Number of protein chains: 2
Amino acid sequence: MSTVGKALSLLDSLSQMNNEAGLTDIARLCDLDKATARRLLVELEKHGFVEQDLETRKYRIGAAPVRLARIREARYPFLRIAIPFVRELAEKSEETVHLAEFSGGTLSTIHVEDSPRAHRVIVEIGTRLPFHATASGLAYLAFSGKKQIEAALSQPLEAFTENTVTDPAAVRKMIDETIVRGFSISSQGLEVGVVSTGAAILSPTGQPVGSITIAAPLARARPATLASFGAAVADTAKRISEKYYGPERPSGTKTQTKRTG
Amino acid sequence: MSTVGKALSLLDSLSQMNNEAGLTDIARLCDLDKATARRLLVELEKHGFVEQDLETRKYRIGAAPVRLARIREARYPFLRIAIPFVRELAEKSEETVHLAEFSGGTLSTIHVEDSPRAHRVIVEIGTRLPFHATASGLAYLAFSGKKQIEAALSQPLEAFTENTVTDPAAVRKMIDETIVRGFSISSQGLEVGVVSTGAAILSPTGQPVGSITIAAPLARARPATLASFGAAVADTAKRISEKYYGPERPSGTKTQTKRTG
DNA sequence: ACATCTGGTTCATATATTGAACCGATGCTT
DNA sequence: AAGCATCGGTTCAATATATGAACCAGATGT
């Protein structure tokens, strides 16, 4: 793997480590030598992508991504457009709703609106959403090309709970059902006691760019409720797409982007 | 320079190129071979840091930084805390106010609130703010260590306008005045017809982490106005710092970060 | 039809990356 | 308090990786 690949993977790992970690931990998690990890960290630090706390000597994500993100959002305001819809859906459903975006081969949460209820599902920003084990992932795959599905299902499917579907054929069936229904369902695929319904947000070319998902405690997930949630996420996903790619941003209407997953 | 350094510099350059550029332009601007630039871009793309438009073949900043930025903001909500103050100052002053953050050796704009007036200063998000030529930069330097000032003034100081102060001794004097006044003034240092007053946002250790600046058209920049703007930015900067590092986030109170400038 | 741009690729050469062993400091255990 | 196990960080010979001039093929403009 190229050095910059390692550096970017390191950054990615760091972002999933309680956002603060020591050199040894980082090296172990990224499967790098301590010396290598350090050189990469120093380099990333020079450019503001990581920061080191001088007291604890731990490393964390730096401020540089904030700048880049602001620049991107200024031109491709995915969050600005989508967040109001996520909020609306959270209010309407009274459950936690989260928004995910595909980038760098994985789907990750980029925004969460919490359920107003006391008993609710907590989703962390930055969480990776495995394709086979989450409603977000299934919805995403359902609208991806065959190649992408193939790629996602050809690697070993981790079991996160006892309910995680790890048989590729069974996952494929869930994807087919998602296509028919227009939304996906994942029951306790990633977390016990959580049922999610998700829908893909599509670009005008039909490529999925992300997903929106309602995550509810199992206790409240009655079939009729799930069906109404499903219809709501599917509708919301469509409205986000229309607003994001709509006439307000004609320049972006036809852009499509390479796949990297 | 290390390969990852080159990749990150490339990313940085790309962020300042109307956010969309072709391979040849990128290679030229980053002073890299076309082949090298391409390999770096491909690698960055794999991880979602850049995207290539399949129609135009141009490259732009990808979605990965958005994810990282969200993670950082969830823990270090600099923008969330600071933006309301920036907005308030923009309303009060009726001028364009921008917020900058130091990272990766440079100070860059991360948020802008426009003046409500028709004749106003436009500041782009992501703009680099040279230390010697901007109120933001001078304010930042004024509260930096001697080493940092030394480093900033030892390299050639570019003249952006006929008014840019490029004599290190003169800049040093401006810095001293800033310390006495509590805020900085830069008259047409970066852009003709623009006068700015800025103040540094300090961490509890006294280290500057960013700056807040009012940018006004020269026509409205009367001495008395500048003085009141100066007092206002200095006050606002202090309030941002207090809120950001205050009792609400005790864990961050004592953190300090290495300098990389 | 020609010239000159693109974006993208190749492969021998040169250069940057690697990692086991090492250091000094800190903290835990006996 | 002595010993042990960490930690973050460094060194340097061995090695894998990055580099770039020359090269396509296609698009655009003259």
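We name chains A, B, ... by the order of the sequence lines, and we start the count at 1 in each one. Keep in mind it's a predicted model, so treat the numbers as computed, not measured.
A donor N or O paired with an acceptor N or O is not found under 3.5 Å between the base of dG19(C) and the side-chain atoms of Lys34(A).
Applying the side-chain contact (heavy atoms from CB on, under 4.5 Å) test between Ile125(A) and each of Arg70(B), Glu73(B), Arg72(B) identifies Arg70(B) as the sole match.
Note on Lys58(B): nothing from the nucleic acid sits closer than 4.0 angstrom, heavy atoms only.
Here the P atom of nucleotide dT19(D) and the CG atom of Asp31(B) are 12 Å apart, to the nearest Å. Per the geometry, CG belonging to Asp53(A) stands 18 Å off P belonging to dC7(D), to the nearest Å. Whole-Å rounding puts the Leu23(A) CG to dT26(C) P distance at 17 Å. Computed from coordinates, the Leu40(A) CG to dA18(D) C1' distance equals 15 Å when rounded to whole Å. In this structure, CZ of Arg38(B) is placed 10 Å from P of dT10(C), rounded to the nearest angstrom. Rounded to an integer number of Å, the gap from Glu45(A) CD to dG8(D) C1' is 13 Å. Regarding Asp25(A), its CG atom lies at a distance of 11 Å from the C1' atom of dT6(D), rounded to whole Å. Atom-to-atom, CD1 of Ile26(A) to P of dG8(D) comes out at 8 Å; the value is rounded to the nearest Å.
Proximity note for Thr24(A) (side chain, C-beta onward) versus dT10(C), dG8(D), dG7(C): the nearest is dG8(D). Closest to the Thr36(A) side chain, of the nucleotides dC7(D), dC23(D), dT18(C), is dT18(C). Out of dT9(C), dT17(C), dC22(C), the shortest distance to the side chain of Thr3(A) is found at dT17(C). The Ser2(A) side chain lies nearest to dA18(D) when the options are dA18(D), dT9(C), dG8(D). Among dA21(D), dG9(D), dG8(C), the nucleotide with an atom closest to any side-chain atom of Asp33(B) is dA21(D).
For the atom pair Ile179(B) CD1 and Ser184(B) OG, the distance stands at 11.0 Å (nearest 0.5 Å). Here the NE2-OG1 distance, from His47(A) to Thr106(B), works out to 10.5 Å after rounding to the nearest 0.5 Å.
Between Lys6(B) and dT19(D) there is a side-chain N or O to OP1 or OP2 distance below 4.0 Å. Taking side-chain N and O atoms only, Arg39(A) has a distance below 4.0 Å to OP1 or OP2 of dT18(C). OP1 or OP2 of dG8(D) has not a single side-chain nitrogen or oxygen of Arg57(A) nearer than 4.0 Å. A sub-4.0 Å separation between OP1 or OP2 of dG9(D) and a side-chain N or O of Tyr59(A) is present.
For Phe160(A), the ring-ring contact (aromatic ring centres under 6.0 Å, His included) criterion is met by His132(A), not counting sequence neighbours.
Two residues, Gly22(A) and Met1(A), neighbour DNA chain D, and the one matched to the more 5' nucleotide by heavy-atom proximity is Gly22(A). In terms of position along DNA chain C, the nucleotide closest to Ala21(B) lies nearer the 5' end than the nucleotide closest to the other residue of the pair Ala35(B) and Ala21(B). With the nearest nucleotide of DNA chain D identified for both Val4(A) and Arg28(A), Arg28(A) has the one nearer the 5' end.
In this structure, Glu43(A) pairs ionically with Lys46(A), as a charged nitrogen and a carboxylate oxygen lie closer than 4.0 Å.
Counting heavy-atom neighbours within 6.0 Å of Asp31(A) CG, excluding the residue itself, gives a total of 12 or less.
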